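Okay, so here's the structure we're looking at.
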Amino acid sequence: MAELYDFDTAIDRRGTWCIQWDGVADRFGVDGLLPFTISDMDFATAPEVLAALRARLDHGVFGYTTWQQDDFRSAVAHWYATRYGTEIDTGQLVYGPSVLNQLSQLLQMWTAEGDGIVVHTPTYDGFRKAITGLGRELRGVPVGDEEALVRELARPDAKVLVLCSPHNPTGRVWTADELTRMAELAERYGVAVVSDEIHADFVHEGYVHVPWTRVAGAGDGGGRWALITSGSKAFNFPALTGSYGLIGNPADRAEFLRRMETAEGLASPAVLSLTAHIAAYREGGPWLDAVRAYVAGNLSHVAERLSADLPELGWEPPQAGYLAWIDLRAAGVDDAELQRVLVERERVAIMGGSVYGAPGFVRLNVGCPRAKVERGVEALIRAVKAVRAATSSPSGV
């Protein structure tokens with residue numbers, strides 16, 4: 001199906017105010033690097049989305065807008081029914097300008113300063129900023145460590161489990177059994193759950209995403225929960241803003257809507273975001289399947305090259321997403337020196353694992369044409385080899 005779309009031709013994003021290309025110096029201190037950084041893709045969004053946006057622009061009137069209308073609600077319900085075999089209660093829907101904004105509102109609703117917020121490590125840096133920025137205490141639990149999860153949830157001041165499902169940056173897809181167990185534990189210890197599922201639409205072949213709505217109430221008491229997400233990640237339109245969520249408890253849902261519409265002054269959403277979501281969820285499935293297959297090919301290429309030149313890493317593609325989370329600890333290279341070589345010699349920008357609390361890793365964005373992926377992985381291999389060689393040579397890199 002990927003052959004129906006052109007993902008190989010590069011689109012010049014320079015000068016479009018995008019963070020990945022135009023803002024690279026803000027993080028790496030140098031302009032002009034080839035970026036593999038922030039999690040958006042270098043592909044144009046689905047043709048069906050572009051057509052819907054053009055039609056809406058042609059109308060020419062952009063007055064105040066409501067998301068509480070059937071076109072949007074039914075499109076979301078259609079997506080969950082066709083993609084996940086899940087019937088959602090559209091009466092539980094809420095809307096916000098971004099997933100992180102929704103997270104911030106929920107944390108303010110359900111916690112107080114100093115409360116413990118449990119997250120899996122490594123941790124998406126947006127979670128870290130939102131949690132610590134509100135004066136809450138981030139408490140990390142290694143992915144897959146249930147003993148640590150139980151220990152942290154059982155602490156009296158643990159108030160919320162912020163779940164990334166699928167997980168960023170590792171690309172882990174949680175199984176139904178794992179999610180059910182988390183729901184049971186959260187309810188047992190009176191901990192609310194916020195499940196960020198923005199990467200759900202990019203789950204790869206052989207894995208299945210289970211929406212939190214399917215496991216909420218696993219302990220029969222219902223618990224306090226919210227699912228927050230957006231079509232912007234999979235369909236690559238984050239600059240349009242816009243996200244939505246499902247909140248189980250009616251009182252919590254009413255309070256969330258009150259905050260957004262009055263305290264935050266966000267009663268009117270961006271109309272182009274609504275337009276894009278509706279078109280994506282109604283017509284964009286074939287494009288998404290094609291881009292996901294293309295990205296899977298990119299990830300396979302990375303795996304082949306690393307296996308050939310750095311076999312000690314034993315790297316395998318992630319279960320979801322277009323972010324290659326690569327454990328370089330077996331290569332024995334210093335993080336700072338590796339970044340220096342990547343920037344100064346290879347002229348590429350690749351996110352270091354320390355951003356996510358995981359030194360010794362890198363996160364390589366492969367949501368881009370294959371030729372760019374090839375340049376990135378070759379640069380990474382050369383840099384690792386150069387740093388390793390310099391470690392055993394007095395002459396340095």
Side-chain angles (χ1 to χ4, degrees), residues 2 5-54 57 97-98 100 124-126 129 168-169 198-199 202 230-242 270 272-273 275-276 280 284 287-288 290-292 294-295 297-299 301-302 305 321-324 326 338-352 355 362-383:
Y5 304 93
D6 180 10
F7 299 121
D8 287 320
T9 300
I11 299 173
D12 187 359
R13 299 182 66 192
R14 296 181 180 88
T16 62
W17 315 316
C18 69
I19 294 174
Q20 181 163 191
W21 288 83
D22 294 330
V24 69
D26 294 338
R27 186 182 291 269
F28 292 87
V30 181
D31 273 323
L33 304 180
L34 186 66
F36 300 86
T37 54
I38 194 167
S39 60
D40 63 15
M41 297 186 285
D42 288 335
F43 307 127
T45 190
E48 295 82 2
V49 172
L50 290 173
L53 291 172
R54 292 186 183 108
L57 288 171
S98 71
L100 286 177
Y124 166 49
D125 57 323
K129 292 172 184 175
N168 176 20
I198 199 169
H199 292 275
F202 237 95
S230 172
S232 64
K233 184 69 65 178
F235 287 92
N236 207 40
F237 52 76
L240 298 181
T241 73
L272 294 184
S273 175
T275 301
W287 178 89
L288 178 60
V291 76
R292 196 173 60 236
Y294 186 89
V295 165
N298 284 350
L299 291 166
H301 176 78
V302 172
R305 293 299 299 118
Y322 50 81
L323 305 169
I326 304 171
L338 177 65
Q339 283 295 322
R340 186 187 72 79
V341 174
L342 286 170
V343 170
E344 296 179 7
R345 179 182 292 186
E346 298 295 339
R347 304 293 295 172
V348 298
I350 299 173
M351 300 292 275
V355 173
V362 293
R363 196 188 78 168
L364 179 76
N365 182 344
V366 301
C368 56
R370 185 70 47 81
K372 182 186 173 191
V373 174
E374 291 169 353
R375 290 178 62 185
V377 72
E378 296 304 325
L380 178 61
I381 290 169
R382 286 193 299 268

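Residue numbers count from 1 along this sequence. Predicted model only: the values in this text are computed from it and were never measured.
Closest heavy-atom contact between Ala276 and Leu240: CB-CD1, 3.7 Å. Here the shortest heavy-atom pairing between Leu33 and Val343 reads CD2-O, 3.7 Å. Residues Val295 and Gly367 approach most closely at CG2-CA, 4.4 Å, considering heavy atoms. Across all non-hydrogen atoms, the minimal contact from Gly32 to Val24 is N-CG1, 4.2 Å. When all heavy atoms of Gly242 and Ser230 are compared, the closest pair comes out as O-OG, 2.9 Å.
Thr37 contributes no side-chain N or O that, together with a main-chain N or O of Ile350, makes up a donor-acceptor pair within less than 3.5 Å. The backbone N or O of Met41 sits nowhere less than 3.5 Å from a side-chain atom of Asn365 that would complete a donor-acceptor pair. For the pair Asn298 (side chain) and Val366 (backbone), a donor-acceptor distance under 3.5 Å is present. Of the possible donor and acceptor atoms, none in the side chain of Ser273 sits under 3.5 Å from a partner among the backbone N and O of Ala270. For Asn236 (side chain) and Phe43 (main-chain N/O), a donor-acceptor pair under 3.5 Å exists by modelled atom type. Using a distance-only test at 3.5 Å, with no hydrogens or angles considered, a donor-acceptor pair links the side chain of Lys233 to the main chain of Ser39.
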Pair His301, Val373 - check side-chain contact (heavy atoms from CB on, under 4.5 Å), show working.
CA-CA 8 Å; His301 176 78; Val373 174; 4.3 Å; yes
Trace of the side-chain contact (heavy atoms from CB on, under 4.5 Å) decision for Met351 with Ile38
CA-CA 8 Å; Met351 300 292 275; Ile38 194 167; over 6 Å; no
Evaluate the criterion side-chain contact (heavy atoms from CB on, under 4.5 Å) for residue pair Val291 and Tyr322; output intermediate values, then yes/no.
CA-CA 10 Å; Val291 76; Tyr322 50 81; over 6 Å; no
Begin from the C-alpha positions of Val302 and Leu380 and carry the test side-chain contact (heavy atoms from CB on, under 4.5 Å) through to its verdict.
CA-CA 10 Å; Val302 172; Leu380 178 61; over 6 Å; no
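A salt bridge is defined here as a Lys NZ or Arg NE, NH1 or NH2 lying under 4.0 Å from an Asp or Glu carboxylate O, and Asp31 with Arg14 fails to meet this definition.
The environment of Arg375 atom CZ is sparse: at most 12 non-hydrogen atoms of other residues, nucleotides or ligands sit within 6.0 angstrom. Dense packing is recorded around CD1 of Ile381, with more than 12 heavy atoms of other residues, nucleotides or ligands lying under 6.0 Å away.
Judged by distance alone, the side chains of Trp21 and Asp42 do bring a donor and an acceptor atom under 3.5 Å apart.
Both the sub-6.0 Å distance and the 45° axial angle are satisfied by Lys372 relative to the ring of Phe36. A cation-pi arrangement is absent between Arg370 and Phe7, since the terminal nitrogen or guanidinium carbon is not both under 6.0 Å from the aromatic centre and inside a 45° cone about the axis.
With a 4.5 Å cut-off on side-chain heavy atoms, Ile11 and Pro369 do not count as touching. Taking the side chain as every heavy atom from C-beta outward, Leu338 and Val362 approach each other to under 4.5 Å. Counting only heavy atoms from C-beta outward, the side chains of Arg13 and Thr16 approach each other to under 4.5 Å. Residues Phe28 and Leu342 form no side-chain contact, since every pair of their non-hydrogen atoms from C-beta on lies 4.5 Å or further apart. For the pair Leu323 and Pro169, the minimum side-chain heavy-atom distance is 4.5 Å or more.
Atom CZ of Arg363 is separated from atom CG of Asn168 by 5.0 Å, given to the nearest 0.5 angstrom. Interatomic distance, Glu48 CD to Leu53 CG, rounded to the nearest 0.5 Å: 11.5 Å. Taking CG of Asp40 as the reference point, atom CD1 of Ile19 lies at 8.0 Å (rounded to 0.5 Å).
Using a 30° and 60° split on the angle between ring planes, Phe235 and Trp287 fall in the parallel class, below 30°.
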